[in-house]
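Nothing fancy with the numbering, it's 1 onward along the sequence.
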Amino acid sequence: MTPAERDALCFLPATEVAAAVAARRLSPVEVVDAVLERIEAVDPELGAFCTPVPDRARAEAADLADRLARGEAAGPLAGVPLGVKDLIATAGIRTTSGSPAYRDHVPDQDDIVVERVRGAGGVVLGKTNTTEFGYSPAGHNPLFPPTRNPWAPSLTPGGSSAGSAAAVAAGLGPVALGSDGGCSLRVPASFCELVGMKPSMGRVPVWPGCRDERFPGMSGWESVEHLGALTRTVADTALLLSVLAGPDPRDRHSVPCGDVDWRAAARAGAAEGCAGLRVAYSPDLGYLPVDPEVRRVVGEAVGAFTDLGCVVEEVVPGWADPAEAFQAVITAETDLSGMRALVDRYGAEMSPHLVAWMTRAWTARELTDANIARKALANRMAGLMSRYDLLVTPTAAVAPFPVGVQGPERIDGRAVADTAWIGFNYPASLTGQPAVSLPAGRTRDGLPVGLQVVGRHLADGTVLRVAAAYEVARPWAHRRPRAGDAAQGTAGRRAVGRRAVGRGAAGRRA
């Protein structure tokens with residue numbers, strides 16, 4: 001295989017990889033070797049993987065090849081290499097949650113989604129970088145070098161699924177697992193020109209994440225956390241969700257998924273479109289400052305829904321900004337006693353914004369007021385969605401900004417909090433509705449912008465169908481970033497070797 005062929009293989013969609021491996025046209029060893037070679041060359045510049053496990057990945061690929069040669073059935077993800085966000089538990093592979101408090105933590109069990117990926121024939125390449133415990137929408141933490149955006153390496157890829165997004169955009173695996181409690185699939189999808197879908201609450205079970213009371217920081221966000229994938233195509237998103245979705249008794253919030261045929265919904269959208277759907281478009285939700293270039297790009301992209309036969313109306317939804325309520329809801333689900341103990345021990349090394357959050361003197365009234373605000377938001381959202389099939393907004397209020405920054409201080413001339421730019425994401429997080437970020441286009445400076453599509457409660461199939469129709473109308477997957485392509489392979493191999501820890505089952509818990 002020539003270098004050009006190996007490079008092309010790295011950008012092959014997961015659907016095509018799995019089909020070729022199942023048909024014995026490709027060996028899973030070939031696929032994994034090609035992606036690992038690209039990681040060696042490209043990732044020293046990007047920092048997508050914080051704990052790569054190349055030896056383990058090669059062994060898994062070889063084992064899969066042997067089983068296929070013996071005539072065993074290929075799973076739906078046969079030979080698909082992927083990264084796993086460092087908030088998601090992986091048995092025998094270090095899982096730090098981006099925190100010095102867990103720098104040597106090696107779980108003894110896989111999260112349910114990792115179990116399902118492995119059972120479907122997927123090959124785990126390692127852990128992808130995240131912000132500390134996911135409490136930030138940027139792409140840096142105090143434990144590892146910051147993750148950089150493949151389209152512009154001086155800029156952030158967004159977060160907290162920063163490494164997963166950078167990896168997929170740069171061809172370091174066709175898909176990667178991530179999580180989204182407040183914006184963490186959708187925002188990096190927006191910044192890295194990817195598809196990032198947060199399915200309805202409970203569609204994809206979460207365990208032990210959010211639920212293992214032994215580990216402060218890893219045990220919060222229970223009522224808002226969603227797991228999913230970052231991909232380059234809608235069909236790949238549907239493929240991953242067909243594997244990940246479905247109830248599990250370990251997650252008390254998980255729900256049956258027999259009402260959604262994930263892959264059929266995407267195929268129907270690509271083939272038949274989405275004519276007749278009613279779309280509510282809100283460029284600012286009535287209260288958010290938005291960068292003029294983002295407003296322009298998303299406004300032009302919304303025209304695709306009209307072209308597809310949807311009825312589009314601009315709306316002001318009519319609810320109050322839930323940003324403060326969101327932070328309080330998260331706090332109420334956090335082990336504050338445990339987190340404050342970690343701050344006492346590791347605070348000098350931890351993220352300053354996280355330390356300030358955990359040590360703030362929260363009151364019971366703030367926390368209960370947040371629950372009432374959440375109910376009010378859900379009621380107003382339900383009223384809006386009784387009239388419309390979809391709500392469309394920008395995903396982020398700004399385009400990517402410099403690495404190491406929590407968020408811009410001003411948007412469209414207004415002084416803002418450093419989290420104001422993610423305000424479009426809070427409503428669907430608090431209501432649990434399905435939401436996907438799709439590439440909307442580029443700013444005049446060439447930076448990616450995302451468009452968010454929110455569906456009715458449990459209407460995941462409709463969201464996928466619309467996403468697939470939109471992708472046909474405004475394709476993006478053919479574009480590739482150039483970041484890291486000139487890197488020397490030998491330097492990359494040395495870097496991977498330095499960071500490749502946690503391969504065995506041994507390890508010290510924090």
Query - Ion pair D284/R295, N-O distance below 4.0 Å - result: yes
**Report entry** Donor-acceptor side-chain pairing of T395 and S437 below 3.5 angstrom
**Finding:** yes
Query raised in the report: Under 3.5 Å, is there a donor-acceptor pair between the side chain of R278 and the main chain of C310?
Result: no
Requested in this report: Compute whether any side-chain donor of one residue and acceptor of the other, for Q452 and R186, lie under 3.5 angstrom apart.
Outcome: yes
Requested in this report: Please determine, by modelled atom types, if S161 and S184 share a side-chain donor-acceptor pair under 3.5 angstrom.
Outcome: no
Query raised in the report: Looking at E471 and R465, does any basic side-chain N land under 4.0 Å from a carboxylate oxygen?
Result: no
Query raised in the report: Between E45 and R148, is there a side-chain N and carboxylate O pair less than 4.0 Å apart?
Result: no
**Report entry** side chain to side chain contact (heavy atoms under 4.5 Å, CB included) evaluation trace for L177 with L244
**Finding:** CA-CA 10 Å; L177 296 184; L244 302 179; 4.0 Å; yes
Requested in this report: Using a strict cut-off of less than 4.0 Å between a Lys/Arg side-chain nitrogen and an Asp/Glu carboxylate oxygen, indicate whether D86 and K127 qualify as a salt bridge.
Outcome: yes
Query raised in the report: Is it true that D63 and R67 make a salt bridge, defined as a side-chain N closer than 4.0 Å to a carboxylate O?
Result: yes
Query raised in the report: Do R94 and T51 have a side chain donor and acceptor closer than 3.5 Å?
Result: yes
Requested in this report: Could you give me the CA-CA distance, side-chain angles and deciding distance for L464 and W262, then say whether side chain to side chain contact (heavy atoms under 4.5 Å, CB included) is met?
Outcome: CA-CA 7 Å; L464 268 177; W262 304 92; 3.5 Å; yes
Report task. Kindly indicate, with the supporting measurements, whether the criterion side chain to side chain contact (heavy atoms under 4.5 Å, CB included) is fulfilled by D7 and R480. Result -> CA-CA 11 Å; D7 188 63; R480 299 181 185 178; 3.6 Å; yes
Query raised in the report: Going through the checks in order, is the salt bridge (charged side-chain N to carboxylate O under 4.0 Å, His left out) test met by R203 and D259?
Result: CA-CA 11 Å; R203 290 288 196 191; D259 59 318; 2.8 Å; yes
Requested in this report: Could you tell me whether E193 and R442 make a salt bridge, using a distance below 4.0 angstrom between a side-chain N and a carboxylate O?
Outcome: yes
Query raised in the report: So which heavy atom on L447 is nearest to which on P400, and how close?
Result: CD1-O, 3.8 Å
Query raised in the report: Below 4.0 angstrom, N of the basic side chain to O of the carboxylate: do R118 and E60 qualify?
Result: yes
Report task. Of all the heavy-atom pairs spanning C192 and A165, show the shortest one and how long it is. Result -> SG-CB, 3.9 Å
Query raised in the report: Any idea which heavy atoms bring P28 and G79 closest together, and the distance?
Result: CB-CA, 3.9 Å
Requested in this report: State whether the side chain of E293 and the backbone N or O of R444 hold a donor-acceptor pair below 3.5 Å, judged by distance alone.
Outcome: yes
Query raised in the report: Is the shortest distance from a Lys or Arg side-chain nitrogen in D110 or R116 to a carboxylate oxygen in the other one below 4.0 Å?
Result: no
**Report entry** Presence of salt bridge, E272 and R267, under 4.0 angstrom
**Finding:** no
**Report entry** Considering all heavy atoms, the nearest P448-W151 contact
**Finding:** CG-CD1, 4.0 Å
Requested in this report: Answer yes if the side chains of S254 and D248 hold a donor-acceptor pair under 3.5 Å, and no otherwise.
Outcome: no
Query raised in the report: Between D291 (side chain) and V398 (backbone), is there a donor-acceptor pair under 3.5 Å?
Result: no
Requested in this report: May I ask you to decide if the ring planes of Y470 and W476 are parallel, tilted or perpendicular, using 30° and 60° as cut-offs?
Outcome: tilted
Query - Y281 side, atom OH; L390 side, atom CG - distance, nearest 0.5 Å - result: 14.5 Å
Requested in this report: Check the surroundings of atom NE2 in H253: do more than 12 heavy atoms from other residues, nucleotides or ligands lie under 6.0 Å from it?
Outcome: yes
Requested in this report: State whether a side-chain donor-acceptor pair under 3.5 Å links N141 with N129.
Outcome: yes
**Report entry** Donor-acceptor contact below 3.5 Å, side chain D251 vs main chain V206
**Finding:** yes
Query raised in the report: Going by atom types alone, do K85 and S179 pair a side-chain donor with an acceptor below 3.5 Å?
Result: yes
Requested in this report: Before giving the answer on side chain to side chain contact (heavy atoms under 4.5 Å, CB included), spell out for V117 and V113 the whole-Å C-alpha distance, their side-chain angles and the decisive distance to 0.1 Å.
Outcome: CA-CA 6 Å; V117 162; V113 293; 5.5 Å; no
Requested in this report: Indicate yes or no: at least one non-hydrogen side-chain atom of R263 is less than 4.5 angstrom from one of L239.
Outcome: yes
Query raised in the report: CG of L87 to OG1 of T128: how many Å apart, nearest 0.5 Å?
Result: 8.5 Å
Query raised in the report: What's the spacing between R456 CZ and M381 CE if we round to 0.5 Å?
Result: 12.5 Å
Query raised in the report: Which atoms form the tightest heavy-atom contact between L172 and L125, and what is the distance?
Result: O-CD1, 3.8 Å
Query raised in the report: Which heavy atom in V168 sits nearest to a heavy atom in V175, and how many Å separate them?
Result: CG2-C, 3.5 Å
Query raised in the report: Is a side-chain N or O of S200 found less than 3.5 angstrom from the main chain of Q433, in a donor-acceptor match?
Result: no
Query raised in the report: Without hydrogens or angle criteria, can the side chains of T393 and S282 be said to hold a donor-acceptor pair below 3.5 Å?
Result: no
Report summary line: Taken to the nearest 0.5 Å, the spacing of H478 NE2 from R232 CZ works out to 13.0 Å
Query raised in the report: Just by modelled atom types, is the E30 backbone N or O under 3.5 Å from a matching donor or acceptor in the D33 side chain?
Result: no
Query raised in the report: Between R38 and A170, is there a donor-acceptor pair closer than 3.5 Å when you use the side chain of the first and the backbone of the second?
Result: yes
Query raised in the report: Does the T156 side chain pair with the main chain of V403, one donor and one acceptor, at a distance under 3.5 Å?
Result: no
Report summary line: Here the gap from D236 atom CG to T15 atom OG1, rounded to the nearest 0.5 Å, amounts to 4.5 Å
Query raised in the report: Should Y426 and W421 be marked as a ring pair (Phe, Tyr, Trp, His ring centres under 6.0 Å) after you check the CA-CA gap, both sets of side-chain angles, and the distance that decides it?
Result: CA-CA 11 Å; Y426 294 141; W421 60 282; over 10 Å; no
Requested in this report: Please confirm whether the backbone N or O of I93 pairs with a side-chain atom of T95, one donor and one acceptor, at under 3.5 Å?
Outcome: yes
